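These notes concern the structure reproduced below.
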2 protein chains.
Amino acid sequence: MKAAPSQNAVTGQSLADRLFETLRGEIVEGRIAAGSKVSEPELARRFEASRGSLREALMRLESLGLLERRVNVGARVVDLTERGLLELYDVREALEGMACRLAASQRTDADLAELRRMLEHHEQQEELRAGTAYFQPEGDFDFHFRIVQASGNDLLIDTLCNRLYYRVRMYRYQLGMASPRAQRAFREHSHIIEAIEAGDGDLAELLMRRHIRASRQNIENKLR
Amino acid sequence: MKAAPSQNAVTGQSLADRLFETLRGEIVEGRIAAGSKVSEPELARRFEASRGSLREALMRLESLGLLERRVNVGARVVDLTERGLLELYDVREALEGMACRLAASQRTDADLAELRRMLEHHEQQEELRAGTAYFQPEGDFDFHFRIVQASGNDLLIDTLCNRLYYRVRMYRYQLGMASPRAQRAFREHSHIIEAIEAGDGDLAELLMRRHIRASRQNIENKLR
DNA sequence: CAATTCAGGATTGTCGACAATCCTGTGGCC
DNA sequence: GGCCACAGGATTGTCGACAATCCTGAATTG
C-alpha cells in the first residue's frame, strides 16, 4: 500500500497549477481589482502555500497578459483601458478570421455537427428571452471558442483560447458589455457556420471579420 | 559608498532574465537540440545558478512555446515539424496582414522614413550579391519586424515579436531555409511599403498576406 | 522467453531562510 | 516652505534542502 498521495497525483496538476487557475479566475472576474498591486507574501499566507509556488503561478499569469511584473518592484494586475480593448478586437479579427478560413477548408463531420448543435441550443435560449436586450455572453463565447477549435491549427487555438480569451472575458466581466446586438449576432453566427459548411473559406473569413468588426464598432460607439 | 551592486542593478534585469535570454538563444540556434530533454540540475550546474532561478527561466521558455513541460516529468525542447511550421505561417499571415492594415492607417512620418531607409539598405545589400541564390534572412526579418512595430498595436507587437518570431527564427536556423525568392521577395517588400505610404490598408494587407502565403507555398513545395 | 513487479536512482515539486533592492516617511538644510 | 538625504520597513530575488514522483533496469514468475 502506498502512502496517501498528495493532491498532485490525484488531479495530475501541481499546486502552482491550482494557484494559477484560482488567481486567474479572481483576476478575470475582478475579485482582484484591475490595476491593483499583488503581494507575494500576502497571497502566500492567504492560500497557505509557499512563495515559490505562488511565484510560479504569478509568472504564468504574466505570460497570459493578466499581470505585469517589474524586477524588484512586483506584480500588478493589468488595467483595463479602451485602447487595450480595441487592440484585442483587431487581433481577434485577424486570428478568428483565419480560424474561419481554416475551419471551412479542414472541416470534419464531427465539427459541423457540433457547430449545428450549438447553434440550435443558442436559438432555443434566444427565443426564451426574446425582446430582452440582454446578450448571452457565454453563448457568444461558446461560438467563437468552437470555431477556433475547428480550425485544427494548434498554434492558433493556443494563442486564442489559452491566451487572448482570458483577457476578453476580463473585459466582459468588468466592463459588463451587455450588447443589444443579440439577434443580429445570432444571425451572423448562423451565416458564418453556413459558409463553413459550404467549404467557402473566403466567405467564412469575411463574415467573421465583419462580425467582430461590428462588435468592435458597437463598443467604440458606446464608449464615446 | 554603496556595496558592490549585483549584476541585477547594473543591467536592470534579474539572473533569471539572463538565463532566459541565454537559453532562448541556444534553443533557437539549435545548440540545445530540438526535441531533447533539458535537465534542471544539469543546467544549474553549467550556469552556476540555483535551480530556482533556472526554473523561472524554463517557465518563460515554456510560455514562449520553445519548451514543453509536464508535471513531474520535466521539460523538453519542442520539436520542429512540418505541421508546426505551416501553422506558424497561417498565423503570421493573419497577424502580419492586420499589422499592415493598421500600419497603413496609423502611419507616422518617422515610421515611413524608417521603412524607406531599411528598404534602401536591403537594396544595396541585394545588389552586392546579385545572382547568388542566397537569401538574406536578417533582412527579411528586419522588414517584418519593422512593419509590425509600425502597427501601433501593442498586443499585436507583443504576440508577434515576443512570441512567434522566436519560433520563426528557430525554424530558419535549424531547417536552414535559404530561399531562392530573394529578388521577388524584395519587390514584394517594396510594394507593401508603397501601399502603406499611400495609406491603402486594404492593399497593404492583401499584399502582405500574399507575400507570406507565397513563402509558405515555397516551403511546402520544397518539403515534398 | 516474455511479461510483470518492484526496488534504486535521479529528477521534479515545495518549502523556509538570507541577501539585495525598492518604497515610505522622517529629519535636516537651503 | 520646499527640496534633498537617509534610515526603517517591507518586498522581491536567490539559494540550498527535503519530500514526492517518475523512469530504469534487474529479478521473478508464468
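Predicted model, so just to flag it, every value in this text is computed and none were measured. The figures that follow rest on heavy atoms only: side chains count, while hydrogens, waters and symmetry mates do not. Every chain is numbered from 1 and lettered A, B, ... according to where its sequence line falls, protein lines coming before strand lines.
No hydrogens or angles considered: nothing links the side chains of B/Ser215 and B/Asn218 as a donor-acceptor pair under 3.5 Å.
Heavy atoms of B/Gly52 sit nowhere under 4.0 angstrom from any nucleic acid atom.
Phosphate contact (OP1/OP2 of C/dG13, side-chain N/O of B/Arg55, threshold under 4.0 Å): present. The shortest distance between the side-chain N/O atoms of A/Lys37 and the OP1/OP2 oxygens of D/dA10 is not below 4.0 Å.
Taking every side-chain heavy atom of B/Ser53 into account, D/dT14 is the closest of D/dT12, D/dT21, D/dT14. The side chain of A/Pro41 sits closest to D/dT12 out of D/dC23, C/dT11, D/dT12.
Here the side chains of B/Leu15 and B/Phe47 are not in contact, with every heavy-atom distance at 4.5 Å or above.
Shown here is B/Arg69, whose CZ atom has more than 12 heavy atoms of other residues, nucleotides or ligands within 6.0 Å.
Between A/Arg46 and A/Glu40 there is no salt bridge, since no side-chain nitrogen of the basic residue lies less than 4.0 Å from a carboxylate oxygen of the acidic one.
Straight-line distance from the CG atom of B/Leu54 to the P atom of C/dT14: 17 Å, rounded to whole Å.
Comparing A/Ser50 and A/Arg70, the nucleotide of DNA chain C nearest to each residue sits closer to the 5' end for A/Ser50. In terms of position along DNA chain C, the nucleotide closest to A/Ala49 lies nearer the 5' end than the nucleotide closest to the other residue of the pair A/Ala49 and A/Val73.
Between the side chain of A/Arg51 and the base of D/dG13 there is at least one donor-acceptor pair of N/O atoms closer than 3.5 Å.
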